[in-house]
Amino acid sequence: MFLNVSTYRFVPLPDAAGLVEPLRERAEAASLKGTVLLAPEGINLFLAGHAEPLRGWLDLLRSDARFAGLDAKESWSDTQPFRRLKVKFKREIIRMNWCMPPEQPRAPALDAPTLKRWLDQGHDDEGRPVRMLDTRNAFEVDAGGFEGAVDWRISKFTEFPQALRAHREDLAGCTVVSYCTGGIRCEKAALLLQQELDTPVFQLDGGILRYFELAGGAHYRGGCFVFDERETLNERLLPSG
């Protein structure tokens with residue numbers, strides 16, 4: 001069995017380029033495969049390998065105070081889902097053509113059990129209707145998503161700001177919860193939503209994968225597309241196929 005982990009953190013990394021080679025060397029020594037992206041705005045990674053060396057690599061990463069307590073979502077597969085290891089420096093860890101300002105506070109995060117409760121009752125705790133906003137690309141949405149979610153059919157995340165400005169009326173008068181696969185896109189999107197909308201905005205903490213882990217498949221239809229050879233995961237975090 002191979003352990004698959006995904007995690008990210010928006011945190012100022014002025015030395016991001018200098019972290020590439022040390023992290024690559026440690027990952028190669030642990031026989032890990034997948035992708036690690038580093039940028040001045042933070043880190044984003046998807047890795048797979050045998051459990052002990054992979055968790056050891058994460059523990060070394062967390063020894064840097066900027067990554068202390070970094071929470072990684074875990075799932076398992078029978079085979080290695082990645083073909084190679086890539087550790088790269090980028091301008092953004094998730095490209096939206098908008099870099100996270102240094103020390104930018106997070107948008108409010110909504111945990112999975114609270115979201116399920118809101119969806120069960122049909123409104124938030126203040127009585128406002130809840131509007132789920134899918135921030136993923138259209139082909140990912142086609143694999144599955146929350147019932148009744150707003151989907152602007154974007155083909156890449158850089159289209160999100162323009163789509164928001166063209167369709168902001170879709171979100172008027174509601175509590176907006178942005179969501180994505182693992183949390184990174186919906187966190188960045190939520191910060192832009194806060195700037196553009198006069199309505200409460202939350203990000204789904206940990207994205208769909210954490211929701212599956214804590215709330216199962218309630219109010220969700222289909223699977224969750226992932227960018228590796230597993231393609232889609234079901235509510236038990238197992239390959240759908």
Side-chain angles (χ1 to χ4, degrees), residues 6-8 10 71-75 94 96 105-154 157 159-161 163-164 166-227 230-240:
S6 63
T7 189
Y8 74 93
F10 287 107
D71 184 27
K73 291 175 285 296
E74 295 188 354
S75 60
I94 183 68
M96 196 171 73
R106 296 186 74 195
L110 188 70
D111 63 78
T114 300
L115 175 61
K116 180 182 179 299
R117 179 170 57 80
W118 285 5
L119 296 177
D120 285 344
Q121 66 194 25
H123 53 79
D124 69 8
D125 292 335
E126 304 299 322
R128 287 183 296 265
V130 176
R131 185 66 53 87
M132 301 297 295
L133 173 61
D134 203 319
T135 65
R136 299 173 299 160
N137 300 334
F139 72 91
E140 299 171 76
V141 179
D142 290 342
F146 282 95
E147 297 169 346
V150 174
D151 166 25
W152 289 327
R153 307 308 293 169
I154 60 176
F157 194 45
E159 297 173 1
F160 182 83
L164 167 59
H167 300 286
R168 70 180 76 202
E169 66 277 5
D170 294 351
L171 308 174
C174 300
T175 290
V176 178
V177 181
S178 64
Y179 75 93
C180 58
T181 305
I184 185 170
R185 274 181 284 187
C186 43
E187 176 164 352
K188 200 166 189 178
L191 290 168
L192 184 61
L193 288 163
Q194 282 188 314
Q195 293 183 9
E196 297 285 333
L197 300 177
D198 184 22
T199 193
V201 174
F202 295 85
Q203 60 191 349
L204 176 56
D205 196 25
I208 298 166
L209 297 180
R210 181 54 50 83
Y211 184 87
F212 280 173
E213 178 184 344
L214 299 178
H219 304 284
Y220 193 96
R221 293 293 176 266
C224 179
F225 183 90
V226 289
F227 287 89
R230 296 173 296 171
E231 295 188 355
T232 59
L233 301 182
N234 61 27
E235 69 277 8
R236 294 178 294 154
L237 297 175
L238 297 174
S240 298

Please tell me if the side chains of [X] and [Y] come closer than 4.5 Å, counting only heavy atoms from C-beta onward.
X      : Y      : result
Thr199 : Arg131 : no
Tyr211 : His219 : yes
Lys116 : Leu119 : no
Asp111 : Leu214 : no

List the residues meeting side chain to side chain contact (heavy atoms under 4.5 Å, CB included) with [X], not counting sequence neighbours, and say none if there are none.
X      : answer
Ala143 : Phe225, Thr232
Glu74  : Leu3, Val5, Arg55
Ala190 : Ala107, Ser178, Val201, Gln203

Set of salt bridge (Lys or Arg N to Asp or Glu O under 4.0 Å) partners for Arg210, sequence neighbours left out:
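Arg210: salt bridge (Lys or Arg N to Asp or Glu O under 4.0 Å) contacts with Asp71, Glu213.
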
Salt bridge (Lys or Arg N to Asp or Glu O under 4.0 Å) contacts touching residues 188-197 (sequence neighbours left out)
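Qualifying pairs, neighbours excluded: Glu41-Lys188, Glu92-Lys188, Arg165-Glu196, Arg168-Glu196.
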
State the [atom1]-[atom2] distance between [X] and [Y], to the nearest 0.5 angstrom.
X      : Y      : atom1 : atom2 : result
Leu204 : Cys180 : CG    : SG    : 7.5 Å
Glu147 : Arg221 : CD    : CZ    : 4.0 Å
His123 : Cys174 : NE2   : SG    : 13.5 Å

With sequence neighbours excluded, tell me which residues meet ring pair (Phe, Tyr, Trp, His ring centres under 6.0 Å) with Tyr220.
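With neighbours one apart ignored, the set is Phe146, Phe212.
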
Quick check: does any side chain N or O of Tyr8 sit under 3.5 Å from a backbone N or O of Arg185, one acting as donor and the other as acceptor?
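Side chain of Tyr8 to backbone of Arg185: no pair is present.
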
Would you say Asp124's side chain and Glu126's backbone share a donor-acceptor pair under 3.5 angstrom?
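Pair found, side chain donor or acceptor close to backbone of Glu126.
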
Determine, for Asp142 against Arg153, whether the closest basic-nitrogen to carboxylate-oxygen distance falls under 4.0 angstrom.
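Looking at Arg153 together with Asp142, the answer is yes, because their closest N to O distance falls below 4.0 Å.
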
Do you know which two heavy atoms are closest between Ala149 and Tyr179, and how far apart they sit?
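Minimum heavy-atom contact is CB-OH, 3.5 Å.
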
Quick check on Asp198: does its CG atom have over 12 non-hydrogen neighbours (other residues, nucleotides or ligands) under 6.0 Å away?
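For Asp198, atom CG is not crowded (no more than 12 foreign heavy atoms under 6.0 Å).
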
